[in-house]
Amino acid sequence: MTTLWAVSDLHAAVKANRARIEEIVPESPDDWLIVAGDVGERTELIVRVMAILADRFHTVIWVPGNHELYSRSGDRHTGRDKYAELVAAMRSLGVITPEDEYPVFGGVTIVPLFTLYDYSFRLSDVTVQDALAQAEKKNIVFTDEVAIAPFVDMRAWCWDRLAYSTKRLSRINGPTILINHWPLIQEPTEKMMFPEMALWCGTRHTRSWAQRYNATHVIYGHLHIPGVMEVDGTKHIEVSLGYPAEWQARKPGPLSPPWPYPVMSLPRADADPVGTVQSEEVAQ
């Protein structure tokens with residue numbers, strides 16, 4: 001059998017996580033791997049880890065998370081330029097990115113997405129400014145606000161990515177597996193300790209995508225709450241590793257999802273990649 005595996009939130013800069021990354025190995029030389037964001041922060045580390053995984057697996061598919069976009073004011077590449085730098089680096093490794101031709105695994109189109117967030121996971125009668133102010137008052141503010149937001153208009157970038165993604169998705173026929181670092185629906189964020197954290201966790205505009213684009217599975221990370229949630233007939237699966245204090249507290253058992261997560265398996269002869277959408281220039 002050939003298996004499509006999925007992981008996210010490796011946070012490779014954390015020493016204790018490196019041993020867990022060594023556990024990400026194929027069972028077959030034809031196995032594929034999804035990496036749904038937050039490999040690390042520094043470009044050099046991200047590339048190093050992805051090179052190791054690309055060497056192990058037949059095909060590797062990557063989407064960026066918020067940590068990949070973290071920058072400092074003295075960095076050579078920030079904001080949209082850092083994303084373009086990472087896409088170029090992944091392509092040099094043979095890793096499939098959200099800008100590349102979508103591969104097909106066993107008749108299912110695998111769709112790496114990069115949609116970001118626009119602070120719309122909030123109460124409908126609260127403005128973005130008020131929601132952010134309320135979160136700050138409670139000392140609940142993501143590092144994104146100092147490591148991404150100073151370098152790019154996040155909401156505008158999110159909306160650009162939504163338009164770009166829907167254009168490409170509309171060309172696909174047949175079933176899909178959608179991959180994004182952030183959840184495509186708001187329900188998973190309801191498990192978070194503080195509701196204000198949802199501001200940095202996605203956008204309402206992807207709510208219907210699983211049904212509209214015939215998704216059998218949605219793979220995501222970001223929340224560090226691995227598990228499976230079925231909504232409107234589609235499985236939304238978080239495949240995060242997270243930080244040591246989080247994964248060390250998880251007890252293996254029938255209710256605990258396996259990691260790496262086996263998304264789909266099929267006979268090896270059926271697993272050859274076939275492109276369904278022509279490659280396009282990097283959308284910044």
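Summarising the geometry of Ala147 relative to Pro150, their closest heavy-atom pair is N-CD, 4.1 Å, with the distance given to 0.1 Å. For the residue pair Gly79 and Val152, the shortest heavy atom distance occurs at CA-CB, 4.3 Å. Here the closest non-hydrogen pair linking Ala16 and Pro244 is CB-CG, 3.6 Å.
Asn17 contributes a side-chain N or O that, together with a main-chain N or O of Gly242, makes up a donor-acceptor pair within less than 3.5 Å. Here the side chain of Asp55 pairs no donor or acceptor atom with the backbone of Ile52 at under 3.5 angstrom. Remark: side-chain polar atoms of Ser120 are paired, donor with acceptor, to backbone N or O of Arg204 under 3.5 angstrom. Remark: side-chain polar atoms of Glu41 are not paired, donor with acceptor, to backbone N or O of Tyr70 under 3.5 angstrom. When atom types are taken as modelled, the side chain of Thr206 and the backbone of Trp209 share no donor-acceptor pair closer than 3.5 angstrom. Arg91 places no side-chain N or O within 3.5 Å of a backbone atom of Thr97 that could act as its donor or acceptor partner. Judged by distance alone, with hydrogens and angles left aside, the side-chain atoms of Glu68 form a donor-acceptor pair with the main-chain N or O of Gly65 at under 3.5 Å. In this structure a side-chain-to-backbone donor-acceptor pair under 3.5 Å is present from Asp38 to Asn66. Under a 3.5 Å cut-off, the side chain of Asp81 and the backbone N or O of His77 do not form any donor-acceptor pair.
Between Lys82 and Glu85, no side-chain nitrogen of the basic residue sits less than 4.0 Å from a carboxylate oxygen of the acidic one, so the salt-bridge criterion is not met. Checked for salt-bridge contact, Asp153 and Arg80 miss the test: no charged N lies under 4.0 Å from a carboxylate O. Between Glu99 and Arg168, none of the side-chain N atoms (NZ, or NE/NH1/NH2) sits under 4.0 Å from a carboxylate O, so this pair counts as no salt bridge.
With values rounded to the nearest 0.5 angstrom, Ser8 atom OG is found 8.0 Å from Leu241 atom CG. Note that OG1 of Thr3 and CG of Leu266 are 8.0 Å apart. Values are rounded to the nearest 0.5 Å. One distance of note links CD of Glu230 with NE2 of His217; it measures 9.5 Å at 0.5 Å rounding. Separating the CZ atom in Arg161 from the OG1 atom in Thr203 is a distance of 13.5 Å, to the nearest 0.5 Å. For the atom pair OG1 (Thr115) and CG (Leu178), the distance works out to 10.5 Å, reported to the nearest 0.5 Å. For the atom pair NE2 (His67) and OG1 (Thr143), the distance works out to 6.5 Å, reported to the nearest 0.5 Å.
The aromatic rings of His222 and His181 lie perpendicular to each other, with more than 60° between the two planes, well past the 30° mark. Relative orientation of the Trp62 and Tyr83 rings is parallel, given thresholds of 30° and 60° on the angle between their planes. Ring geometry for Phe105 against Trp32 counts as perpendicular: the plane angle is over 60°, on a 0 to 90° scale with 30° as the lower cut.
At least one side-chain heavy atom of Val128 sits less than 4.5 Å from a side-chain heavy atom of Arg155. Taking the side chain as every heavy atom from C-beta outward, His224 and His11 approach each other to under 4.5 Å. A 4.5 Å side-chain heavy-atom check between Val263 and Tyr261 finds at least one atom pair inside the cut-off. Side-chain atoms of Leu116 and Phe114, non-hydrogen and from C-beta on, do get closer than 4.5 Å to each other. Residues Thr43 and Leu86 are in side-chain contact: their nearest non-hydrogen atoms beyond the backbone lie under 4.5 Å apart. Side-chain atoms of Leu123 and Asp125, non-hydrogen and from C-beta on, do get closer than 4.5 Å to each other. Two residues are said to be in side-chain contact when any heavy atoms from C-beta on lie closer than 4.5 Å; Leu132 and Trp200 meet this criterion. Side-chain contact between Ile110 and Leu4: present, with at least one pair of heavy atoms (C-beta onward) separated by less than 4.5 Å.
Note: the hydrophobic cluster containing Tyr213 does not contain Val231 (ILVMFWY, side chain heavy atoms under 4.5 Å, direct or indirect links). Phe142 and Phe151 fall into different hydrophobic clusters, where Ile, Leu, Val, Met, Phe, Trp and Tyr residues are linked whenever their side-chain heavy atoms come under 4.5 Å apart, directly or through other members. At a threshold of 4.5 Å between side-chain heavy atoms, the hydrophobic network of Ile, Leu, Val, Met, Phe, Trp and Tyr places Val39 and Leu93 in one connected group. Under the 4.5 Å side-chain contact rule for hydrophobic residues, Leu162 and Tyr102 share a cluster. Two different hydrophobic clusters hold Ile177 and Met229 under the rule that ILVMFWY side chains link at heavy-atom gaps under 4.5 Å.
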Working for ring pair (Phe, Tyr, Trp, His ring centres under 6.0 Å), residues Tyr220 and His236: CA-CA 8 Å; Tyr220 69 96; His236 294 253; 7.1 Å; no
Evaluation steps, ring pair (Phe, Tyr, Trp, His ring centres under 6.0 Å), between Phe121 and Tyr119: CA-CA 6 Å; Phe121 282 177; Tyr119 309 107; over 10 Å; no
Steps toward side-chain contact (heavy atoms from CB on, under 4.5 Å) verdict (Trp259, Arg250): CA-CA 11 Å; Trp259 191 90; Arg250 296 175 196 138; over 6 Å; no
Residues Gln134, Val126; criterion side-chain contact (heavy atoms from CB on, under 4.5 Å); working and verdict: CA-CA 10 Å; Gln134 290 170 16; Val126 178; 4.2 Å; yes
Residue pair Leu113, Leu169: steps toward the side-chain contact (heavy atoms from CB on, under 4.5 Å) verdict: CA-CA 10 Å; Leu113 298 166; Leu169 283 162; 4.2 Å; yes
Stepwise ring pair (Phe, Tyr, Trp, His ring centres under 6.0 Å) test for Tyr164 and Trp157: CA-CA 11 Å; Tyr164 172 75; Trp157 195 8; over 10 Å; no
Pair Tyr117-Asp144, side-chain contact (heavy atoms from CB on, under 4.5 Å): steps then yes or no: CA-CA 11 Å; Tyr117 55 88; Asp144 299 25; 2.9 Å; yes
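Here the rule is salt bridge (Lys or Arg N to Asp or Glu O under 4.0 Å) with Glu196, and of Lys137, Arg122, Lys138 only Lys138 fits it.
With a 6.0 Å radius and a threshold of 12 heavy atoms from other residues, nucleotides or ligands, Arg72 has its CZ atom at or below the threshold.
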Indicate every side-chain donor-acceptor pair of residues 183-195 with a distance under 3.5 Å to a residue at least two apart or in another chain.
from, atom 1, to, atom 2, distance (Å)
Glu187, OE1, Arg207, NH1, 2.5
Glu187, OE2, Arg207, NH1, 2.7
Glu187, OE2, Arg207, NH2, 3.0
Thr189, OG1, Gln186, O, 2.6

